[in-house]
Each structure stands twice: as C-alpha cells, then as structure tokens.
Amino acid sequence: MTQPTGTTRVLILGGSLAGTLAAAALAPHVSEVLVLERERVLPETPVPRPRLPQAAHAHMLWAGGADAIEELLPGTTDRWLKAGAHRIPIPNGMVSFAPAGWFRRWTETHYLIGASRDLVDWGVRAAVLQIPNIRMRTGATVISLVGNASKVSGVRVQDKDGQESVIDADLVIDATGRGSKILQWLGEIGGPVVEETVVDAGVRYASRRYRAPEGTETNWPVIHIQADPREGRPGQVVSIIPIEDGQWHISLSGTRGGEPSADEALFEEFARGVRHPLAAEFLARAEPVSDVVVYGRTANRQRRFEKAAMPAGFVVLGDAATSLNPVYGHGMSAAALGAVALRDTAAKMPVTSAKFATRAQKAVARPATAAWLLAVGQDRFYPGAVTKAPTLGDKLAARYVQRLSRTAIGNFLVVKALTDVMTMKKPASVLAGPAVLFAATRGLRRPLLEGPDLTERERSVLDREPLVRAEKSRTV
Ligand SMILES: Cc1cc2nc3c(=O)[nH]c(=O)nc-3n(C[C@H](O)[C@H](O)[C@H](O)COP(=O)(O)OP(=O)(O)OC[C@H]3O[C@@H](n4cnc5c(N)ncnc54)[C@H](O)[C@@H]3O)c2cc1C
C-alpha cells in the first residue's frame, strides 16, 4: 500500500456506483476522499432516487463485477444477500435463447447477482460511508474543472442554494456517468480534444416489476430471450431477473424500428413477439406491481482519454468514459473492474506523482474496452448503428463468435470460455486459445435442444392458468 503523505485530497465527481467504488479504491492511499454528488439526499435504504433513472430497469451484476466489488469492499455480497438479493448460478441458473438456440443448463461455473440497482448501490454506499477518510457531500453540482491543460487542481461546485465555490484537490476523478460534461469542461481549461466513437443501435428499454408467482420467489432462473443481429429485423430482447422482495424485474428492449412501448397493455404483447414466447408465458402467470418505465439513452459511447494528452491530476471512470448498450449488462462490472485498476495503480505510485493519472487512465480503460468490443461487435450490425458498413474483419469476428455460441450449446469447454468473457472474469482473448479454437472447429458435441431446458418445477408454473388482466390493449 502507498502510504498517504501530508494531506492528499482526492475529489470524486458523482456518488453513484463508479464514484463510490473509486472512493473505496483510493481511500487507503490518501488522507482524504471527498465525493461530490448533485442528488440532494442519498437514501439510507435500497429505494429509488431521482438522479438514477436507469435504476428502474433490470440490472444484472455479473460475477466479474461482483467479485471486484467484494475485493474493494469485503462483505458487500453478504449485505446484498441478507437484503434479499439472489446469487444465481451460471449457466445452470439461466434459461437463455441465443441466436443459435436454447443453451443447456450445464453445471455452475460462474454466477450473477439478481437484485435491483437500488439495492446494489445501497450495499456499496453503506460500506463506503463507513470508511473514516471518505466524506460525501450531496446537493453539490460540479459545474467546471479548475486548472489548465497541464494540470487539474480542483473543481467549481454549485450548492443547492446556488452558491458557487472552488474545492482544491491533488487528484480529481470524474464519475458523473453517461451525461458527463467532461469534453466541454476539458475544452474550457484548454485541455485536449478527445477521440469519441458512438455506435448507436437506437435501443429503447421498457421495464416493469412483477410479483413472482407463488413458489417461485427463490431459486428461480434468469429468463433471457436474446436478439439475433443477423436476422435483418430489429433486435428485440426480454429478460426476467429475480430480485429482492419476491419480485421479478422485467426489461424489454428493442433496437431502432422495434422499440417497446410505454403502454402497459402492450408490455406482454411485446414479450410474446420476440424470437420465443417463453418469457411472455411466465409473465402471464405473474402480477405486475409497478408502472411501465421507458428509457432511451443507450448508445455505446467510447471516449479515449487514455490516448489523449490529458492534464495531470485527472482521471475519468465509469459511464463518463465508456457507456455501453445496457443489453449486455456490462456497465457496472466495467466500472467496478476500473475501480480495482485505479486501486492497483495507487498501490504502485503516489496519486500525486506526475505519471499517476496517465497510468491510471490506461489501466481503467482495459476492462471498459473489453466490454466495448463485446457490445459493438454485435450492435454494429443493426441498421443505422454505424455510418460505415462493417469491415471484413468485423464480419469474420462476428461469425467466429456466432460459431462459438452455437458450439457452446453442445460443448462445455466452449460455454465455460464464453461465460468467462460474458461475466467479465476473463478477457476475450481466451476465446482465441488453442482449446477453444479446436472445439470451434469440431463444432457441436451434443445436439441442439428443441425447446427450453426447464426443470419440472419451472414447467409446472406454465401449467397454471394465466391471470386475467385488467389492462386492455389500445390496439383492440
Ligand atoms: C436501461 C439501462 C439498463 C442497464 N442495465 C445494466 C445491467 O444489467 N448491468 C450493468 O452492469 N449495467 C447496466 N446498465 C449500466 C449502468 O447503469 C451504468 O454502467 C452505471 O450506472 C455506471 O455508473 P456510473 O457511476 O459511471 O454512472 P451513474 O450511475 O449514471 O452515476 C452518475 C452519478 O453522477 C452524478 N452526477 C452527474 N452529474 C453531476 C455533477 N455535475 N455534479 C455532481 N454529481 C453529478 C449523478 O447524480 C449520479 O449519481 C444499464 C444502464 C441503463 C441505462
């Protein structure tokens, strides 16, 4: 551990997942961490807050992200589970319809956490606020950076009464999320122009919570009906994620031209119209307990701060640097792995060192880039997502992943490798290892499944009568 020298102050802009994890990552290496969050009050229980609209949508936390959080804040997984979250084994706890067909439910190799986003954040925040040298100031909106092209020395903040002040720091971390104004702020202090790439499949989300049918409140799988970018129609996805309070969180999503509606009466109709109606069959037997909420800011956006001549004393983390199409469920895990990378850099050199920000930005970019490549590898095939047609290389890479995904249905070694990558436990390079290449060449070891691989208990829910709905479709 690099021991704090003098009074080293780190300012973290944004007190959501990336911000709180960055605070936990740096606290052992500095004397003071101050988190600035524009939300007026952060809840003390796992409930929604206004400045986190995406929390109304299902959030899967893959093992790679959950393990990273546990590494930074030991005991967090227990806190989530005690509050009702589920530890869902993968691949056996997932009924997934991929482009090539139904996945087998092989023995557990990985897991994910099934919980609302509010519960995930609460578990992290509660742990972070117990660390003595971390403070959180709410109602504090950062309005600009202070410094110049060579060095950031602080930020200008507006409090809830409109009063402005400057706070100095040795290191500033931007974790203000997808809506970050960082490119503008950098421009204002004469900072570099940062390369930005956008791949936008025009995905819109519609989400709703249901009470799980009686007897399915625990040990229930994730139901995931995936899209197929090569089908030549908009990609439509349904996910049912078991969360706390005996509920299922359902998110529908559709790319440009196939977006789900905010109309409650059309929610299950959309679920029935995707590539397989299994999720709709389960929903027909469950009771909605929330409104339908929609969300449309889902473009993949990558800002290459690690390639720019950035001012010293400044690092960008989480969605502010790389925001991803949420369908792949990687944003939180990439942020958590980025925070671990920040901690590891701080363990090697003082955060006040001239090279710290450059090194940290490069380290933080690695997991984010891995998630970016997975997302755009699929999304660039949807109409209107990119201005240039996919290259031969893009097409070959996509075809290899497609072949692996098909082989995975009948080959444990390949499903394990794909799950390593999907859960962010290992980099995508494992898919190019000799054993996986050989397996891909040989193809399926077992036949494709004709239908979903359901247990007797799961199947018995489908034998129940569908519930009668009060909501009438606008279309009839
Ligand atoms: C519909 C949807 C579904 C998703 N599903 C998944 C999923 O299944 N799995 C997954 O891993 N990820 C998912 N994500 C992605 C995930 O939500 C983000 O990756 C994650 O929230 C990034 O965290 P962050 O801390 O970088 O940003 P955010 O969580 O957006 O937080 C930014 C914080 O900064 C604060 N802030 C903003 N501006 C200022 C300012 N000027 N001054 C002070 N504070 C400020 C905000 O109030 C907020 O608290 C989903 C996203 C969406 C949109």
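One-based numbering, in listed order, for ligands and for the atoms of each.
At least one side-chain heavy atom of Arg49 sits less than 4.5 Å from a side-chain heavy atom of Glu37.
Around ligand 1, the residues contributing at least one heavy atom under 4.0 Å from the ligand are Gly14, Ser16, Leu17, Ala18, Leu36, Glu37, Arg38, Arg49, Arg51, Leu52, Gln54, His57, Ala58, His59, Met60, Arg117, Ala140, Thr141, Val142, Ala175, Thr176, Gly177, Tyr205, Tyr295, Gly318, Asp319, Pro326, Gly329, His330, Gly331, Met332, Ser333.
Between the side chains of Thr176 and Asp174, at least one donor-acceptor pair of N or O atoms lies under 3.5 Å. Using modelled atom types and a 3.5 Å distance limit, the side chains of Ser180 and Arg301 yield no donor-acceptor pair. At a cut-off of 3.5 Å, with distance as the only test, a side-chain donor of Ser116 or Glu244 sits close to an acceptor on the other residue.
Aromatic rings from Phe314 and Trp185 are positioned such that their centres are separated by 6.0 Å or more.
Of the candidates Arg125, Glu39, Arg117, Arg117 is the only one forming a side-chain hydrogen bond (donor to acceptor under 3.5 Å, both in side chains) with Ser16.
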